[in-house]
K.L.:
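Structure in structure tokens, see below.
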Amino acid sequence: MSFSADVVTLFPELFPGPLGASVIGRGLGEGRWSLRATQLRGFATDRHRTVDDTPAGGGAGMVLKPDILAAAIDAVSPADDPRPRLLMSPRGVPLTQARAHALALGPGAVIVCGRFEGVDQRVVEARQLEEISIGDYVLAGGEVAAMVLLEAVVRLIPGVLGAAESHAEESFEDGMLEYPQYTRPQTFEDREIPAILISGDHGKIAKWRRAQSEALTRTRRPDLLKK
Ligand code: SAH
């Protein structure tokens, strides 16, 4: 059984979007993962297909209604669904490479995309939605965040990246940023590829890369070294 992603959204037409391109899209075509985007508005019950209402207690904007959202979640994810139910949210736990790996090994995910001011807190509790953030900034909706999460996860599903595109040495895989990369030409605007990389000495190259990774991580992301 391959990784199955369900997305609940007011903008299903945005999918697969970038997830249809390159290796991620190839994996979709090959059935290594599947994607279904469900229109939340399809679960509205009134004539105007209302999905949102004003915030209790006052304030700007609109909030997604819990009853409509719960109906949509229930339609795509039965009570015994083994997949985690995620809500894209700036208040969530930050997405990490480790979490992406864990999700990639699992059965898939049900992903709820918020809009406006977000969703009624009661549906978060009642449907055990786990809030996940893609960073400390606010987007207009959860769709792009869901795509970011799926792209990070799907490329880790076995067989999606070819051997030539391995991720074993990438940034975050060992708690560090990746070393700098170079390719031909040998000289670019008077800048040479570091001599060690063309020395053919694989032991020295590995040591150099490790030192570069450490130095880069120490200056740019000391928080990673602490972990
Ligand atoms: N009022 C909310 C922000 C709502 S933004 C707050 O202050 O916390 C509208 C929707 O965009 C959210 O419901 C969420 O689904 C999505 N979103 C915005 N920023 C995000 C982020 N950093 N990570 C994940 N989803 C985000």
K.L.:
Between E214 and R210, is there a salt bridge with N-O shorter than 4.0 Å?
P.N.:
yes
K.L.:
Is K207 salt-bridged to D201, cutoff N-O under 4.0 Å?
P.N.:
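Result for this pair is no, no salt bridge flagged.
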K.L.:
Measure from the side-chain N and O atoms of T50 to the backbone N and O of D52, and report whether any donor-acceptor pair falls under 3.5 Å.
P.N.:
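It does not hold such a pair.
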K.L.:
Judged by atom type as modelled, is there a donor-acceptor pair below 3.5 Å linking the side chain of S199 to the main-chain atoms of A195?
P.N.:
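Absent.
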K.L.:
Please indicate whether R122 has more than 12 foreign heavy atoms, meaning atoms of other residues, nucleotides or ligands, lying under 6.0 Å from its CZ.
P.N.:
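No, not enclosed.
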K.L.:
Shared ILVMFWY cluster between L28 and V23, side chains joined below 4.5 angstrom?
P.N.:
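Yes, L28 and V23 fall within the same hydrophobic cluster.
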K.L.:
Measure the spacing between CZ of F43 and OG1 of T38 and express it to the nearest 0.5 Å.
P.N.:
6.0 Å
K.L.:
Quick check on the hydrophobic clustering: are L129 and L10 connected, directly or via other members, by side-chain heavy-atom contacts under 4.5 Å?
P.N.:
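Cluster IDs for L129 and L10 match.
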K.L.:
Is the shortest side-chain heavy-atom distance between L64 and V51 below 4.5 Å?
P.N.:
yes
K.L.:
Is there a side-chain contact between L216 and Y179 (heavy atoms, below 4.5 Å)?
P.N.:
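Result no, sub-4.5 Å side-chain heavy-atom pair not found.
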K.L.:
If you draw a 6.0 Å radius around CD in E13, do more than 12 non-hydrogen atoms from other residues or ligands fall strictly inside?
P.N.:
yes
K.L.:
For the side chain of Q39 and the backbone of R41, is there at least one donor-acceptor N/O pair under 3.5 Å apart?
P.N.:
yes
K.L.:
Once you round to the nearest 0.5 Å, how far does CD1 of I24 lie from CD1 of I157?
P.N.:
8.0 Å
K.L.:
Hey, is CG on D223 packed in by over 12 heavy atoms from elsewhere, all under 6.0 Å?
P.N.:
yes
K.L.:
Applying side chain to side chain contact (heavy atoms under 4.5 Å, CB included), run through V7 and L150 and close with a yes or a no.
P.N.:
CA-CA 10 Å; V7 179; L150 285 172; 4.2 Å; yes
K.L.:
So, do I111 and M88 sit near enough that their side-chain heavy atoms are less than 4.5 Å apart?
P.N.:
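Answer yes - side chains close enough.
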K.L.:
Would you please test D120 and K65 for side chain to side chain contact (heavy atoms under 4.5 Å, CB included) and show each step?
P.N.:
CA-CA 6 Å; D120 186 301; K65 291 161 66 62; over 6 Å; no
K.L.:
Does the side chain of R83 pick up a donor-acceptor pair with the side chain of S77 at under 3.5 Å?
P.N.:
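No, no side-chain donor-acceptor contact under 3.5 Å.
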K.L.:
Taking all non-hydrogen atoms of both residues into account, name the closest pair between P84 and G108 and its distance.
P.N.:
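The answer is CD-O, 3.3 Å.
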K.L.:
Is the backbone N or O of A104 less than 3.5 Å from a side-chain atom of W33, with the two atoms forming a donor-acceptor pair by type?
P.N.:
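No; zero donor-acceptor contacts below 3.5 Å.
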K.L.:
If you round to the nearest 0.5 Å, how far is CD of Q212 from CD of E178?
P.N.:
11.5 Å
K.L.:
Would you indicate whether Y182, at its atom OH, is surrounded by more than 12 heavy atoms from other residues, nucleotides or ligands within a distance under 6.0 Å?
P.N.:
yes
K.L.:
Measure across G200 and I205 and return the closest heavy-atom pair with its distance rounded to 0.1 Å.
P.N.:
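For G200 and I205, the tightest heavy-atom pair comes out as N-CD1, 4.4 Å.
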K.L.:
Would you check, one step at a time, whether the test side chain to side chain contact (heavy atoms under 4.5 Å, CB included) holds for R99 with L149?
P.N.:
CA-CA 10 Å; R99 186 67 203 276; L149 181 141; over 6 Å; no
K.L.:
Measure the spacing between CD1 of I68 and CZ of R49 and express it to the nearest 0.5 Å.
P.N.:
9.0 Å
K.L.:
Between atom CG of L177 and atom CD of E170, what is the distance when rounded to the nearest 0.5 Å?
P.N.:
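So the gap between those two atoms works out to 12.0 Å.
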K.L.:
Identify the heavy atoms of R184 and I193 that sit nearest to each other, and give their distance.
P.N.:
N-CD1, 4.4 Å
K.L.:
Linking I/L/V/M/F/W/Y whenever any side-chain heavy atoms sit under 4.5 Å apart, do L87 and M147 land together?
P.N.:
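Same hydrophobic cluster.
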K.L.:
I'd like to know whether L40 forms a side chain to side chain contact (heavy atoms under 4.5 Å, CB included) with R115, so could you lay out the CA-CA distance, the side-chain angles of the two residues, the decisive distance to 0.1 Å, and finally the verdict.
P.N.:
CA-CA 11 Å; L40 174 61; R115 275 276 158 180; over 6 Å; no
K.L.:
Between G61 and P55, what is the shortest heavy-atom contact and its length?
P.N.:
O-CD, 3.1 Å
K.L.:
For S133 and R91, indicate whether the former's side chain and the latter's backbone hold a donor-acceptor pair under 3.5 Å.
P.N.:
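The answer is no, because no donor-acceptor pair under 3.5 Å joins these two groups.
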K.L.:
Would a hydrophobic clustering, with Ile, Leu, Val, Met, Phe, Trp and Tyr connected at side-chain separations under 4.5 Å, put V112 with V138?
P.N.:
no
K.L.:
For the residue pair V160 and R26, establish whether any side-chain heavy-atom pair is separated by less than 4.5 Å.
P.N.:
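No, too far: nothing below the 4.5 Å cut-off.
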K.L.:
Going from CD1 on I132 to CG on L103, what distance comes out if it is rounded to the nearest 0.5 angstrom?
P.N.:
6.5 Å
K.L.:
Please find the pair of heavy atoms, one from E143 and one from C113, that lie closest to each other, and give the distance.
P.N.:
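Smallest interatomic distance, heavy atoms only, reads OE2-CB, 3.5 Å.
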K.L.:
Look only at the side chain of R127 and the backbone of I73, and say whether a donor-acceptor pair between them is shorter than 3.5 Å.
P.N.:
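Flag not set: sc R127 to bb I73 has no pair under 3.5 Å.
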K.L.:
Does F15 share a hydrophobic cluster with F11, counting links as ILVMFWY side-chain heavy atoms below 4.5 Å and allowing steps through other members?
P.N.:
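Yes.
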K.L.:
Which heavy-atom pair separates R221 from F172 by the least distance, and what is that distance?
P.N.:
NH1-CE2, 4.1 Å
